[in-house]
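Here is the structure we will look at.
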Amino acid sequence: MGKNKLRKFAEMEHFPCVLQYTYARLRDEGFPMRGRWNEDFFHASRPIVLELGCGKGEYTVGLAGRFPDKNFIGIDIKGARIYTGARQVHTHGIPNAAFLRSGIENLASFFAPGEVSEIWITFPDPQMQHARRRLTAARFLNMYRQVLAPGGVVHLKTDSPFLYTFTSRLAAHNALEVLADTADLYGAEHPGIPEYVGNIQTFYEQQWLSRGKQIKYLSFRLPDGGTPLADPEEDDIQRDDYHSYARGMNPDWAAARAPQKD
């Protein structure tokens, strides 16, 4: 492990806004604030919004600044990723934002039924070959239903045509209430989509926009209880044929190295 990562991990140990729970710690200790985030952590009764696979936490920090009447929690398993957002929250004393370092599969161990009002999923790996890892697959949506309040909302922003098509098809397959849907967020005016959806941009979103990729946005409600959600057929959905650049890579240099199509 590099010295820079070790420094970040050590620094985050002193950030009150960061909670780090390994699987072993969660198994041995449990999570005492489950069902009591507002009372014991934020000390304010507000709707709780999660950003899953939050990376640098751009949405967690950005939304917290725009909506002081809500509490925001970014969740990611990679501590080096959340450091950027966590440091902003710590440095600026943002009272309604926090970060949780743990796996998304553990959501029900951290949040009680109905404790969460909204979930954001921003530019996740589309996991085209591994449906069980796909954050909008039925497996995960059924997990989200365990912690979302009745009628809780899921937001997806993605550059991936595959993931967007799959998720749109899943919503239709399960008769979910779609609140907003666009295949090109910046290509035209969308009166039904709040302005902040486009104003807050993640590291990967800026990358895709610089490469001329269209950004997709989809939001829908998850029903409370009832029949488990099911995945739709996906064999006929065209796979994406491009990849992201590594963080810190010069896009012009990367493009020059990329295989050229005939």
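Since the model is a prediction, treat every value here as computed from it, not as a measurement.
- Between L156 and T122, every side-chain heavy-atom pair lies at or beyond the 4.5 Å cut-off.
- In this structure, I237 CD1 and T165 OG1 are separated by 6.0 Å, a value rounded to the nearest 0.5 Å.
- The shortest distance between side-chain heavy atoms of L107 and L50 falls below 4.5 Å.
- Checked by atom type and distance alone, the side chain of R25 pairs as donor or acceptor with a backbone atom of Q20 at under 3.5 Å.
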Practice problem: Decide yes or no on salt bridge (Lys or Arg N to Asp or Glu O under 4.0 Å) for E118 and K70, but give the supporting numbers first. | Solution: CA-CA 10 Å; E118 298 178 56; K70 297 181 180 181; 2.8 Å; yes
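- In this structure, A86 and V18 approach most closely via the heavy-atom pair CB-CG2, 3.4 Å.
- When all heavy atoms of I104 and G53 are compared, the pair lying nearest together is CD1-N, 3.7 Å.
- The backbone N or O of K216 sits nowhere less than 3.5 Å from a side-chain atom of D159 that would complete a donor-acceptor pair.
- W120 places none of its side-chain heavy atoms less than 4.5 Å from the side chain of T60.
- Nearest heavy-atom pair across L229 and N174 is CA-OD1, 3.4 Å.
- No donor-acceptor pair under 3.5 Å is formed between the side chain of N71 and the backbone N or O of I48.
- In this structure, the side chain of D231 does not engage the main chain of A137 through any donor-acceptor pair within 3.5 Å.
- Note on ring orientation: taking the six-membered ring where Trp is involved, the planes of Y83 and F15 are parallel (angle under 30°, cut-offs 30° and 60°).
- Taking every heavy atom of both residues into account, E115 and R36 meet most closely at OE2-N, 3.2 Å.
- Between F72 and N96, some side-chain heavy-atom pair lies under the 4.5 Å cut-off.
- Shortest non-hydrogen contact noted between F162 and P126 is CE2-O, 4.1 Å.
- A continuous path of ILVMFWY side-chain contacts below 4.5 Å connects F110 to M143, so both sit in one hydrophobic cluster.
- Follow the hydrophobic side-chain contacts under 4.5 Å out from F111 and you never reach Y23; the two are in separate clusters.
- When side chains are defined from C-beta on, R66 counts as touching I200, because their heavy atoms get closer than 4.5 Å.
- In this structure, F31 has its ring center closer than 6.0 angstrom to the ring center of W37.
- Here the NE2-CG distance, from H155 to L179, works out to 8.0 Å after rounding to the nearest 0.5 Å.
- With rounding to the nearest 0.5 angstrom, the CG atom of L19 is 8.5 Å from the CD1 atom of I73.
- Applying side-chain hydrogen bond (donor to acceptor under 3.5 Å, both in side chains) to R134 and the options Q127, E234, Q129 leaves one that passes, E234.
- Of the possible polar contacts, one joining the S210 side chain to the Q207 backbone as a donor-acceptor pair under 3.5 Å is found.
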Self-check item: Trace of the side chain to side chain contact (heavy atoms under 4.5 Å, CB included) decision for S109 with L26
Solution: CA-CA 8 Å; S109 296; L26 188 61; 3.7 Å; yes
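- I77 and L6 fall into different hydrophobic clusters, defined by Ile, Leu, Val, Met, Phe, Trp and Tyr side-chain heavy atoms under 4.5 Å apart, directly or through other members.
- Taking the centre and axis of the six-membered ring of F166, the NZ or CZ atom of R169 falls outside the cone set by 45° and 6.0 Å.
- The backbone N or O of A180 sits less than 3.5 Å from a side-chain atom of S219, completing a donor-acceptor pair.
- At a threshold of 4.5 Å between side-chain heavy atoms, the hydrophobic network of Ile, Leu, Val, Met, Phe, Trp and Tyr places Y204 and Y196 in one connected group.
- Side-chain atoms of R87 do not come within 3.5 Å of backbone N or O of M12 as any donor-acceptor pair.
- Side-chain atoms of I82 and K78, non-hydrogen and from C-beta on, never get closer than 4.5 Å to each other.
- Within 6.0 Å of atom OH in Y186, more than 12 heavy atoms from other residues, nucleotides or ligands are found, so the atom counts as buried in its surroundings.
- Sparse packing is recorded around CD of E195, with 12 or fewer heavy atoms of other residues, nucleotides or ligands lying under 6.0 Å away.
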Exercise. Quick one: do D181 and Y217 satisfy side chain to side chain contact (heavy atoms under 4.5 Å, CB included)? Show the steps, please.
Key: CA-CA 6 Å; D181 183 2; Y217 171 70; over 6 Å; no
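- Of the charged side-chain nitrogens involved, none lies within less than 4.0 Å of a carboxylate oxygen, so that E105 and R132 do not count as a salt-bridged pair.
- Atom CG in L148 sits 8.0 Å away from atom OG in S117 (nearest 0.5 Å).
- A cation-pi arrangement is present between R101 and F9, with the terminal nitrogen or guanidinium carbon under 6.0 Å from the aromatic centre and inside a 45° cone about the axis.
- Judged by distance alone, with hydrogens and angles left aside, the side-chain atoms of H190 form a donor-acceptor pair with the main-chain N or O of D184 at under 3.5 Å.
- The line from CD of E233 to CG of L170 is 12.0 Å long, rounded to the nearest 0.5 Å.
- Counting heavy atoms from C-beta outward, L163 and F123 have side chains that stay 4.5 Å or more apart.
- Here the CD1-OG1 distance, from I119 to T136, works out to 12.0 Å after rounding to the nearest 0.5 Å.
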Practice problem: Kindly indicate, with the supporting measurements, whether the criterion side chain to side chain contact (heavy atoms under 4.5 Å, CB included) is fulfilled by R81 and K56. | Solution: CA-CA 5 Å; R81 291 177 183 169; K56 292 185 175 183; 5.6 Å; no
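- E58 is listed as a side-chain neighbour of F203, based on a closest heavy-atom distance under 4.5 Å.
- Between the N38 side chain and the R46 main chain, a donor and an acceptor come within less than 3.5 Å of each other.
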Practice problem: Might you work through the side chain to side chain contact (heavy atoms under 4.5 Å, CB included) test for L218 and F220, ending with a clear yes or no? | Solution: CA-CA 7 Å; L218 179 68; F220 51 89; 4.1 Å; yes
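- In terms of hydrophobic clustering, with Ile, Leu, Val, Met, Phe, Trp and Tyr side chains grouped at heavy-atom distances under 4.5 Å, V147 and L176 are assigned to a common cluster.
- The shortest non-hydrogen separation linking I121 to L135 is CD1-O, 3.7 Å.
- Formation of a donor-acceptor pair under 3.5 Å by the Y164 side chain with backbone atoms of T158 is not found in this model.
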